Amino acid sequence: MAEEEYNFSLIEKKWQKRWEKEGLFKTGKSDRPNYYALNMYPYPSGVLHMGHVLNYTLGDVMVRYKLLRGYNVLSPMGWDSFGLPAENAAIRTGVAPHEFTENNIDRMRAQMKRAGWGYDWSREFATSHVDYYRWNQWFFLKFYEKGMVVKKNAPVNWCDSCQTVLANEQVIREGECERCGSKVVQKDMNQWFYKLSDYAQRLLAGHDKLRGSWPDAVLAMQEEWIGKSVGAEVVFTVKETGDRLPVFTTRPDTLWGVTFMSLAPEHPLVKKLAAESEDEAALLDAVTRMRTMGTSAKDLAEREKEGVFTGFHVVNPVNGAEVPLWVANFALMTYGTGAVMSVPAHDQRDWEFAKKYDIPFVKVIEPEDGSDVKNWDRAFVAQGKIVNSGPFTGKPDNFAAIPEIVEWLNGQGLGEKRVNYRLRDWLLSRQRYWGTPIPIIYCDDCGIVPVPEKSLPVILPTDIDFIHGQGNPLLRSKTFVNVKCPTCGKPARRETDTMDTFVDSSWYQIRFVDPKNDRACWDPEKVRQWLPVNQYIGGIEHATMHLMYARFFTMVLHDLGLVDFDEPFTRLFCQGMVCKVAFRCNDCKWISAPQVKAVRADGSDLDEEETEILFKRIENQSLDEEGLESEGYRLVCMVCGEPVHFEMTKISKSKLNIVDPDAMMDRYGADTVRLYMLSDSPPDRMQIWTEDGINGAWRTINRLWRLVMDSLSKVASAGTPIPADLDKTNRDLRRKTHQAVKKVTDSIEGGYQFNTAIARCNELLNFLRQHRDAAHPAVLRETLEVIVKSISPIIPHFGDECWSRLGYEESVFTSSWPEYDAEAAKEDELVVPVQVNGKVRSRLSVPADTDAAELERLALEDAKIRALTEGKTVQRVVVVPGRMVNIAVK
RNA sequence: GGGGGCGUGGCGGAAUGGCAGACGCAAGGGAUUUAAAAUCCCUUGACCGACAGGUCGUGCGGGUUCGAGUCCCGCCGCCCCCACCA
């Protein structure tokens with residue numbers, strides 16, 4: 001038999017050309033039901049990484065599956081092309097950002113085509129093109145008219161390395177910049193904001209709609225980020241000056257226990273009181289010191305509570321008590337009112353502060369044991385009896401009494417119910433060049449003047465000098481900055497800040513339905529046809545950034561009457577991280593695998609083969625650090641000789657454990673890479689990359705190929721009917737085939753379980769390999785077609801090649817998903833386990849339709865069972881026909 | 001401190017409350033080969049046993065059930081997110 005090697009390189013190119021030529025993924029009007037599948041579009045960094053490969057492969061499998069299921073599928077791709085890397089490259093190399101961006105797009109588009117991902121490229125756009133970003137400006141004006149965008153002075157996050165402010169959401173763990181990882185500092189600045197916080201309640205309420213179709217983790221993160229808390233606002237008064245001082249509290253039940261008041265260092269009242277203070281300088285000094293302390297989570301956790309007494313007092317409205325007013329480093333200006341009523345007996349933070357500064361404790365909630373605050377070693381925060389609290393003294397359950405207390409406060413005019421959110425407004429301005437210019441003009445006479453709609457777009461100028469450390473280059477572009485005031489015509493100046501690039505990604509999913517429209521942002525008819533997105537796929541790192549902004553933006557667009565839905569993504573799927581073992585040297589930090597040397601405990605070298613085996617075991621986790629040591633090996637750094645440790649971690653440049661998708665496709669082809677990414681684990685879990693793993697996927701493809709090729713001479717021509725009177729082997733083969741159809745379909749429909757779908761195909765493949773010689777030609781064809789179709793969304797080039805070898809002219813993706821024949825899948829004989837007291841003791845081979853009574857009879861008659869039940873009392877027999885028999889004996 | 005997720009062989013992982021370990025990787029043995037690669041066949045949870053077979057086994061402790069990896073309660077461990085949020 002002539003062996004034909006699977007030539008992936010020729011085959012993949014051939015089918016990519018055909019799909020493009022035949023417009024397989026071009027979408028227009030159709031009678032079929034619509035399905036909009038979207039993957040998070042990439043920033044054009046220039047190269048795809050493995051995270052992209054997993055993301056886009058998942059999306060592509062769904063697109064092809066839905067095509068086979070008869071849908072009219074929209075699968076677009078574009079570029080999130082504004083942002084810092086292009087601008088930084090310009091500073092470094094002198095290449096203009098647009099040029100850098102275009103080059104990167106060309107490279108990545110070629111990589112995407114090579115991976116075989118099917119997109120409607122006629123819809124492609126890049127957000128840095130004026131045809132796109134002009135609509136950012138148009139939306140800005142619409143938001144402005146509606147009062148959804150404001151300019152305000154506020155404490156903001158400043159990244160010194162990126163030379164720009166950042167939104168709250170873009171400061172990640174430990175107070176680092178989301179882009180560059182540098183420490184972020186707080187500054188007071190006058191900036192543009194979208195009023196995200198106005199939508200806190202709507203964003204939260206929307207979760208009801210999304211629950212079940214978005215990952216729980218994402219909803220939980222958003223909920224946490226929105227941070228709703230219900231409580232009361234109570235107005236205290238500064239005794240000496242009469243200034244009103246409202247506070248927010250979730251614990252109005254402890255109002256009678258307030259023994260001091262804390263102001264955030266940035267609180268406006270601090271400056272005012274300092275001016276009236278006897279020792280202004282000392283107070284301001286202390287406050288300044290507090291403000292310059294770090295704000296990262298780590299800093300905060302390690303930092304001691306610190307404060308300074310202002311010399312002033314406040315009056316507690318519920319009982320007239322006069323308590324000292326402090327400035328404290330734990331009070332945050334950005335939450336509540338910036339002032340905290342402090343109850344040391346019933347709040348751990350206040351407890352610590354009061355201990356340090358010797359402030360009194362007043363017990364107002366009594367624990368069950370009746371103990372006193374003197375005997376506590378920490379604040380009492382659990383449920384208890386209200387004591388020492390005016391009209392509420394004696395209430396048995398403090399938490400249950402809260403609504404009543406709030407009601408009373410309201411009646412007395414002392415306070416009212418208040419819902420507070422942690423969510424802050426979305427800081428929009430960026431002091432950088434490569435973004436959408438904010439369409440605003442500043443006029444000395446007219447103030448802030450929005451650019452009139454008819455003067456849009458405000459085009460980002462290209463005559464720009466990029467100089468490192470000189471701030472936003474737009475400031476130096478006289479032709480850009482100098483402009484006439486649209487209202488009075490006098491000389492005025494343009495806003496030089498640009499928009500956060502997350503504005504671009506907040507509505508790109510809508511633009512894809514009408515990407516070339518130059519008269520409107522979109523045609524409402526096309527939007528109605530496609531949106532909201534049926535299935536969105538991307539990384540979970542966007543849970544509180546992009547995904548939150550896009551939801552907000554959609555809600556505002558809805559309220560502006562521009563769309564008639566208010567959630568952008570009906571279903572969301574988040575893929576897991578792609579990980580690989582990484583090596584860390586004590587001295588040089590992360591090092592790449594080739595820089596690691598394995599030696600024996602005595603320092604002697606290993607030969608090449610031993611080394612290879614050892615590293616393979618480390619890579620596939622069959623050897624951990626302990627095992628390595630106990631086997632008498634250790635790893636050393638080839639650069640400095642220091643010991644080396646290893647761990648499984650996300651593939652990244654900085655950890656030096658990257659896998660280059662191009663190199664993998666050179667070696668194994670796109671289909672093998674795709675198959676491997678999906679075959680091992682469920683796609684929402686961590687994926688581990690190993691050489692052995694990709695090699696296994698390569699073997700699977702070749703096994704399949706040989707099976708199909710070796711069968712070609714035997715398969716009947718398409719359409720040959722399957723005879724009615726098949727022998728047992730052929731009936732078995734048909735049964736397995738149709739059981740596989742059902743299982744594969746369920747695996748895909750039941751939530752992206754491609755690992756089990758692939759396993760089912762493998763099972764069928766293994767079965768067919770054993771029985772191919774006995775297979776009837778028509779049955780053989782049926783089975784082969786099921787395998788090829790089922791696997792084709794995952795390895796599409798392979799699928800189409802096999803499909804054409806099976807004699808079809810058209811692409812497999814224009815055919816239809818295999819049809820499940822329940823009759824053929826039915827078992828005619830079953831092996832039913834018989835348990836005694838829950839343990840399997842025997843098995844019965846019976847016709848599939850044997851009823852319960854018959855099963856019970858057969859089970860009790862079974863020799864093995866009788867031996868075990870002899871002399872005992874059968875108490876109960878549970879029979880589940882077709883499943884099992886359980887006999888309870890004593 | 002709060003929230004989310006997870007815990008099954010040497011590894012990734014399968015199991016509508018009903019035969020635990022599908023499928024794959026790694027490992028061992030064999031066939032083929034001058035040799036290697038590739039391919040094909042067999043074995044592979046642990047323990048006892050020559051075999052037949054038996055015993056134990058899904059992080060730990062309880063519970064519900066004829067029957068629990070799966071459901072309930074209480075622990076332990078790991079991962080992720082948030083965190084001086086009043």
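What you are looking at is a predicted structure, and each value in this text was computed from that prediction instead of being measured. Proteins come first, then strands; the chains are lettered A, B, ... in the order of their sequence lines, and each starts at number 1. Every heavy atom of this structure was used, including side-chain atoms; hydrogens, water molecules and symmetry mates were not.
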Could you tell me if the ring centre of Phe754(A) sits under 6.0 Å from that of Tyr752(A)?
yes
In terms of side-chain geometry, is the basic nitrogen of Glu631(A) or Arg617(A) positioned less than 4.0 Å from the acidic oxygen of its partner?
yes
Treat primed atoms plus P, OP1 and OP2 as sugar-phosphate and everything else as base, then score nucleotides 35-48 of chain B 5' to 3': B for base contact with protein heavy atoms under 4.0 Å, S for sugar-phosphate contact only, - for none.
----SSS-------
Using a 4.0 Å heavy-atom cut-off across all strands, classify Ser679(A) as base, sugar-phosphate, or nothing.
nothing
How would you label the contact of Arg841(A) with the nucleic acid (heavy atoms, under 4.0 Å): base, sugar-phosphate, or nothing?
sugar-phosphate
For a quick check of understanding: with a heavy-atom distance under 4.0 Å over all strands, which category does Gly338(A) fall into, base, sugar-phosphate or nothing?
base
Sugar-phosphate, base or nothing in reach of Val831(A), heavy atoms under 4.0 Å
base
Which part of the nucleic acid, if any, lies within contact of Val840(A), taking any heavy atom under 4.0 Å across all strands shown: a base, the sugar-phosphate backbone alone, or nothing?
sugar-phosphate
What is the nucleic acid contact for Ala331(A), judged by heavy atoms within less than 4.0 Å: base, sugar-phosphate only, or nothing?
base
For the aromatic rings, using the six-membered ring if either is Trp, is the centroid distance between Trp689(A) and Tyr676(A) under 6.0 Å?
yes
Quick one: label Met221(A) by what it contacts on the DNA or RNA (base, sugar-phosphate, nothing), any heavy atom closer than 4.0 Å.
sugar-phosphate
Do the side chains of Glu647(A) and Lys655(A) get close enough for a salt bridge, i.e. N-O under 4.0 angstrom?
no
With heavy atoms under 4.0 Å as the rule, sort Glu224(A) into base, sugar-phosphate or nothing.
base
Classify Pro215(A) by what it touches in the nucleic acid, base, sugar-phosphate, or nothing, heavy-atom distance under 4.0 Å.
nothing
For the backbone of Ile794(A) and the side chain of Arg674(A), can you confirm whether one donor and one acceptor N or O come within less than 3.5 Å of each other?
yes
What's the base orientation of rG45(B): syn (chi within 90° of 0) or anti?
anti
Please say which of Phe353(A), Phe236(A), Trp351(A) ends up in a ring pair (Phe, Tyr, Trp, His ring centres under 6.0 Å) with Phe260(A).
Phe353(A)
